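Worksheet for the structure shown next.
A, B, ... follow the sequence lines: proteins, then strands. Residue 1 opens every chain. Keep in mind that this is a model prediction, so the values were computed, not measured.
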Amino acid sequence: MEYLREVLTQQVAGYDQLPEVLQIFLPMLLACLLCLGLVALVPLVAIWGERKVSAHMQDRLGPMRVGGWHGWAQTIADGVKLLLKEDIIPAQADRLLFKLAPLVVFAGGFAAFVVLPFGERFIVSDLNIGVLYIAAISSLGVVGIIMAGWASNNKYALFGGMRAAAQIVSYEIPTVLAILTVVIPVGSLSMQEIVKAQSGGVFNWFIFEPVTFLAFWVVFLGTLAEVNRTPFDIPEAESELVAGYHTEYSGMRFAFFFLAEYANMFLVSALATTLFLGGWHGPGFLPGPVWFILKAVALVFVQMWLRWTLPRLRVDQLMHVSWKVLLPISFILVLAAGTLALWREGAP
Amino acid sequence: MQVEAYAGEEMVLNMGPQHPSTHGVLRLELETDGEIVRKVIPHIGYLHRCFEKHAENIDYPGVIPFCDRMDYIASMNNSLGYALAVEKLMGLEVNERVKTLRVLMAELNRVASHLLSIGTYAMDIGSFTPFLHCFREREKVLDLFEWLCGARLLYNYNWVGGVSHDIPEGFEAKTREFVTQFEPVIAELDKLLSYNKIFLERTADVGIISEEQALSHNVTGPNLRGSGIGWDLRKEEPYCGYETYDFEVPVGLGEHGPLGSCWDRYYVRVREMEQSLGLIRQALERLPEGDVHEHIPRRVRPAKSEVYDRTETPRGELGYYLVSDGGLIPFRVKVKSPCFTVLSLLPAIAKGGMVADIIAIIGSIDIVMGEIDR
Amino acid sequence: MKRYFRDIFQSVWTVLQGMKITGAHLFTRSCTLQYPSVKWELPERSRMRLFNKIEDCIGCGQCVRACPVDCIYMTTERRAKEEPPIFAADGTPIKLRVTQFDIDMSLCCYCNLCTYPCPTHCLVMTPEYEFAVQAKQDFLYRFAKDEPQAPPKPAPSPRPARAR
């Protein structure tokens with residue numbers, strides 16, 4: 001945001017003559033709009049990408065008609081269709097919560113985009129507790145999911161909401177612990193500081209260090225579960241719960257859940273990129289933001305790849321993975337990271 | 001698992017008839033306690049089309065299209081059973097070419113049916129890609145059938161005393177081509193799905209049908225063989241010259257978890273496909289000369305008698321009980337459905353599992369509602 | 001303990017194997033047919049829409065009797081002696097005037113039983129499959145061209161009774 005303000009001051013004539021309130025407020029608004037644009041654009045591309053990836057993995061073609069080249073405009077057409085659909089609220093639903101739930105889910109994903117470091121200066125706000133902020137705000141989604149599940153007054157939706165709550169809360173713990181293995185050597189919770197700690201060549205990225213390499217996979221699996229993707233997609237398990245917590249949703253409200261899911265996919269990939277894959281660092285022939293987005297998209301692709309390969313776990317097995325596999329590993333990793341940090345401090 | 005420790009208030013969950021994975025229009029009334037299912041009550045009859053009553057008003061050949069529509073996934077096998085029963089009623093003997101063609105088509109149909117069953121089972125467990133891979137292969141079989149008799153699903157192929165069409169020119173080569181390219185697909189499916197750890201975890205320990213249960217509930221077909229009992233009518237009471245073919249009856253071995261689990265039933269189907277491919281090869285090799293319409297009677301008018309005849313369809317023992325009063329129209333047609341008997345076992349094996357296990361069990365017993373309700 | 005680690009190893013290993021397969025399929029040729037622009041060539045035996053070449057129809061009614069769902073309706077009347085003799089394409093003399101030959105395609109079950117007994121092979125199933133219509137009554141195909149000459153009988157039943 002500071003960068004945006006600088007640009008505005010230098011490029012826009014008479015900007016510095018504006019009242020100070022506006023000088024502060026305008027960049028905020030602009031940054032907000034940019035973020036919103038990104039949150040809207042990323043799912044559009046990601047949904048199209050997912051349909052294409054799944055199709056080709058299954059020897060199909062996927063959408064081919066709308067927009068000419070490989071049906072690139074399919075998601076836009078779908079979005080328009082969803083916008084124009086009738087807004088149905090079940091008679092027995094809790095109307096207020098029913099309407100509020102998609103907004104809460106979407107807001108949780110959206111707010112987290114604020115601290116993503118797209119480039120050296122492309123960050124809305126470099127909070128000094130950036131990592132903690134992401135972990136906290138992205139958990140807001142689970143509140144929305146429970147609201148949706150409860151308000152729909154549908155047993156399947158209730159099942160979905162309850163499963164989601166249990167799942168997201170359990171996977172939060174190993175994920176955050178594994179993130180600590182990065183925070184310990186860096187010594188800061190700021191996203192930019194973490195990226196800067198990985199500067200100086202590809203092999204300084206945290207994924208190429210033994211402890212953080214394992215932590216990367218714990219974070220990857222944990223976040224995969226937090227965004228409810230296969231093999232951890234039990235809250236919306238189609239063959240069991242019809243559509244889980246959004247069974248009763250249609251039209252634009254459903255689209256919000258859908259957008260939030262894909263925005264979250266990108267968000268967790270961007271988080272993993274920042275923490276382990278060197279963020280916006282990369283060979284100099286491409287600018288930083290491009291590297292950042294490329295790495296995040298690659299991780300999104302791996303998520304899709306997993307989804308179209310694997311069956312779904314059962315609830316108890318899901319908990320087993322979280323509490324009996326990921327959690328012990330992440331504890332050991334935190335211990336290892338701490339020991340390593342102490343040893344390095346003491347070594348010279 | 002210590003279920004009692006988590007006991008709470010129970011909730012009745014109505015699963016179906018419009019549910020993505022109840023395989024048609026089965027309705028299940030589940031009494032759930034959280035994720036745990038205390039009681040399952042299956043409700044059937046949503047696809048009842050009065051097949052048996054219809055059959056009492058149509059002449060004998062006219063019943064065949066209705067037989068096709070019972071188990072619409074394995075039409076060839078369904079109409080085969082009926083045709084054999086009527087032939088037995090009339091004392092008709094068909095020539096070798098007809099017999100061989102019937103075996104060929106029945107086995108091709110078995111492959112197609114098992115492919116669908118395996119594919120939808122993968123989807124029930126949550127894996128979508130194997131489903132479409134299976135459907136891709138199934139399409140190839142359906143293309144062969146369309147080439148043979150003009151229909152993709154409801155063939156009306158097995159007639160009383162013969163079959164409707166002889167094979168078209170080039171059919172044998174095309175079928176051999178399919179068999180050859182299909183074998184690696186099974187191996188791929190094994191790697192992608194059968195031995196996947198998550199799939200094993202989901203299926204290898206749930207829905208156990210013990211030997212006694214299977215026998216007491218008259219479970220037949222792959223479901224029975226999954227419990228380790230090697231009973232196959234093609235071996236025990238051969239028809240259409242099955243005794244002259246060389247094939248094995250795969251049974252569940254309990255390699256992963258207890259014997260008779262969902263995985264065993266699933267894997268019996270995979271191995272049955274392999275056996276069917278062998279049978280197709282043998283049938284193609286021997287295919288004798290002959291006229292397929294040679295023995296088709298101008299008028300199907302059996303003498304006053306009754307007969308029970310059973311065949312091995314992909315879902316198990318399908319029996320036809322026919323009563324003739326000497327007229328052109330059957331007096332009574334009664335069908336013994338393999339899916340119905342195995343569905344009656346569902347409440348016993350699904351109790352105490354989780355909601356996700358119910359889905360896994362329904363998928364593994366491979367029911368077709370069209371055959372249960374008729 | 002040993003089992004715990006073996007399970008983790010097996011999970012990772014089988015997941016990787018599965019990913020290898022799906023990854024390979026990403027680059028194989030897809031088998032989708034872009035339907036309205038590309039069409040599947042149907043074999044000649046395909047059983048889709050029914051067609052009756054009414055000029056060859058001798059009105060024997062065997063198709064009506066064969067149909068298991070009673071979707072063919074036929075009425076005929078005897079041609080007068082003094083009318084000029086006409087023949088079907090294979091030389092069968094046509095003695096009956098077919099004044100109604102209706103097929104309700106929405107009832108048809110595509111079993112093909114009606115075409116086999118046809119003595120002049122005028123009733124056939126064609127490989128044409130794109131015949132969706134907007135209104136259900138458009139599925140009633142009327143093939144007969146001749147107007148009834150004799151005065152109509154009082155209220156004939158549309159479905160001929162079956163001989164038992």
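- Using a 4.5 Å heavy-atom cut-off against chain A, no residue of residues 45-60 of chain C qualifies as contacting.
- The contact between A/P328 and chain C is made entirely by side chain atoms (from C-beta outward), counting heavy-atom distances below 4.5 Å.
- Annotation for C/Y129: atom OH counts as buried by contact number, over 12 foreign heavy atoms lying within 6.0 Å.
- For C/L26, the parts sitting under 4.5 Å from any heavy atom of chain A are the backbone and the side chain alike.
- Heavy-atom distances place the side chain of A/L310, and not its backbone, under 4.5 Å from chain C.
- Around the CD atom of C/E44, the shell of radius 6.0 Å holds no more than 12 heavy atoms that belong to other residues, nucleotides or ligands.
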Pairs of donor and acceptor atoms under 3.5 Å between chain C and chain A, please, with atom names and distances.
unit_1: C/Y4; atom_1: OH; unit_2: A/K324; atom_2: O; d: 2.4
unit_1: C/M19; atom_1: O; unit_2: A/W305; atom_2: NE1; d: 3.0
unit_1: C/T22; atom_1: OG1; unit_2: A/W305; atom_2: NE1; d: 3.1
unit_1: C/T22; atom_1: OG1; unit_2: A/T309; atom_2: OG1; d: 2.8
unit_1: C/H25; atom_1: ND1; unit_2: A/D59; atom_2: OD1; d: 3.0
unit_1: C/H25; atom_1: ND1; unit_2: A/D59; atom_2: OD2; d: 3.3
unit_1: C/T28; atom_1: OG1; unit_2: A/D59; atom_2: OD1; d: 3.1
unit_1: C/C31; atom_1: N; unit_2: A/D59; atom_2: O; d: 3.0
unit_1: C/T32; atom_1: OG1; unit_2: A/L61; atom_2: N; d: 3.2
unit_1: C/Q34; atom_1: OE1; unit_2: A/R65; atom_2: NH2; d: 3.3

